[in-house]
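See below for the structure under consideration.
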There are 2 protein chains.
Amino acid sequence: MTTMSAPDATRTRRRNEKAILEAAEQVFARHGYRGASIQAIAEAAALPKSNVLYYVGSKKTLYVKLLERMMSRWNAMLDDINVEDDPARVLEAFIRSKMQLTREHPQGSRLFAAEILGGAPFLQEYLRGELREWVEQRARVFEQWAERGLMDPVDPVWLIFLIWSATQHYADFEAQVLGITDRQQLNDTDYQRITDFLCQVILKGCGLRV
Amino acid sequence: MTTMSAPDATRTRRRNEKAILEAAEQVFARHGYRGASIQAIAEAAALPKSNVLYYVGSKKTLYVKLLERMMSRWNAMLDDINVEDDPARVLEAFIRSKMQLTREHPQGSRLFAAEILGGAPFLQEYLRGELREWVEQRARVFEQWAERGLMDPVDPVWLIFLIWSATQHYADFEAQVLGITDRQQLNDTDYQRITDFLCQVILKGCGLRV
DNA sequence: CTCCTGTCTGACCGATTGGTCAAATAACTC
DNA sequence: GAGTTATTTGACCAATCGGTCAGACAGGAG
């Protein structure tokens, strides 16, 4: 019945898998792991439920795949720093890249938030492993900067959490932000201004340039 | 079969209702509205499922009651401010009271977060109503302070969101904080230090005292 | 004791859950 | 064309969902 000259099944497969991942990220982010249903994901992807299960195997593997995708995005952002680097530039780059991640992947950010909110049952290992080491490494550099008088002696771990929370907020609490600011959505200009604001306040708050 | 001299049914009722609200707040916070089941709430409250429904009527009314309780706690924190007040003292009191709310009601904070994360289906009216007005009122005062040169001319709405996010973080992302800091829980000293840190960085970041 | 009111709960309901499976269809290889 | 493999999908399953209900309880009043 097909009149197509070049059906290319591979393209269809890639399109369906992409649609499923996108739909699933949205539904999982909104309702959490338990609250999400494969039926809802299938409807969002415009596919029958059975077809979704044919591609992903099970709800759990789909969820884990989405978490891993988000964690790889996160890891791609985590470049090393050195004691010899300029504190202000490093901190500003940190804030901007974290904000960009939130901006480019709001659904993934919310998915991550829902996972943590539920006690991080699937991410315990990651949190206590590579992420902790990454934080400790940065913390040591921050402390050395403080010892050299290059910045105020603030607790580096709380500082990292401050940056994470302030940026994460605009994805996780988007409904609140939009409701209070009376907007349909935030545009590029908004995000640029928010990022500049955060850089200004946090850097100055740590005793860095002006 | 009861050998009690004064059974006092009223006391039993109060005890059960309290147990149900506590259990429900925990389960709703962890799994969201859809992901939470009455069965799970009943088990957490050590009561039969039918008994829970006898007390609360339905899942939705229970959820709404919990949200309203949390919003009333929030409102109790929102006292008015005046242009003549001292910016540093107001901002510090704001940060400390918000942090105290997070500290005293982490489950409620997470419940609120889960609701917003899911698109705030039950809180739209509140966000677009009284909370927006409260933010706008504070924002006007912040702007006047900036005009008078009492603080840096930062966007007041983003500043409020910064404080909200930074404090909310320690309830919503508790699993992440504990995993990274390798702790079982944060104690009073930790919360005091975090609060001091936030006051120091944010106030200095806005050009207020030192 | 009888009656009454409030509390409690197992049994049950239709709907939905995640997941299986066989059969139908489509697409590619030869 | 035939043969093989990949894809699609409705029917179906046991388990769980929110919620109802009848009846078993309790304690107090008369």
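To find a chain, count down the sequence lines: A is the first, B the second, and so on, and within it residues start at 1. Scope of the values below: all heavy atoms of this structure, side chains included, with no hydrogens, waters or symmetry mates.
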> Which pairs with one or both residues in residues 119-135 of chain B pass side-chain hydrogen bond (donor to acceptor under 3.5 Å, both in side chains), sequence neighbours excluded?
Replying inline: A:Asp182-B:Arg132, B:Asn75-B:Tyr126, B:Gln124-B:Arg128
> Distance-only, no hydrogens or angles: does the A:Trp145 side chain make a donor-acceptor pair with backbone N or O of A:Val83 under 3.5 Å?
Replying inline: yes
>> Is the phosphate of C:dT7 approached by B:Asn16 (side-chain N or O, under 4.0 Å from OP1 or OP2)?
In response: no
> Between C:dG6 and B:Arg13, is there an OP1 or OP2 to side-chain N/O distance shorter than 4.0 Å?
Replying inline: no
>> Test of understanding: with side chain to side chain contact (heavy atoms under 4.5 Å, CB included), list the residues that count as partners of A:Thr189, not counting sequence neighbours.
In response: A:Asn187, A:Arg193
> Can you list the residues that meet the side chain to side chain contact (heavy atoms under 4.5 Å, CB included) rule with B:Arg30, with sequence neighbours excluded?
Replying inline: none
>> For nucleotides 9-21 of chain D, give me one character per nucleotide, 5' to 3': B if any protein heavy atom sits under 4.0 Å from the base, S if the only such contacts are to the sugar-phosphate, - if neither.
In response: BBB-----SBBB-
>> Please list, in numerical order, the residues of residues 112-124 of chain B that have a heavy atom closer than 4.0 Å to any atom of DNA chain D.
In response: none
> Does anything in residues 45-71 of chain A pair up under salt bridge (charged side-chain N to carboxylate O under 4.0 Å, His left out), and if so which pairs, sequence neighbours excluded?
Replying inline: A:Glu25-A:Arg69
>> Run the side-chain hydrogen bond (donor to acceptor under 3.5 Å, both in side chains) test against B:Glu143 and tell me which residues pass, sequence neighbours left out.
In response: none
> Considering residues at least two apart in sequence or located in another chain, which fulfil the ring pair (Phe, Tyr, Trp, His ring centres under 6.0 Å) criterion with A:Phe161?
Replying inline: A:Trp164, B:His169
> What is the distance, rounded to the nearest whole Å, between atom CZ of B:Arg14 and atom C1' of C:dG6?
Replying inline: 16 Å
Tabulate below the donor-acceptor pairs under 3.5 Å that side-chain atoms of residues 92-99 of chain B make, not counting sequence neighbours, or state none.
from    : atom 1 : to       : atom 2 : distance (Å)
B:Glu92 : OE1    : B:Arg209 : NH2    : 2.5
B:Glu92 : OE2    : B:Arg96  : NE     : 3.0
B:Glu92 : OE2    : B:Arg96  : NH2    : 3.1
B:Arg96 : NH1    : B:Asp196 : OD1    : 3.3
B:Arg96 : NH2    : B:Asp196 : OD1    : 2.9
B:Ser97 : OG     : B:Ala93  : O      : 2.9
B:Ser97 : OG     : B:Phe94  : O      : 3.1
B:Lys98 : NZ     : B:Thr102 : OG1    : 3.2
B:Lys98 : NZ     : B:Thr167 : OG1    : 3.2
B:Lys98 : NZ     : B:Gln168 : OE1    : 3.0

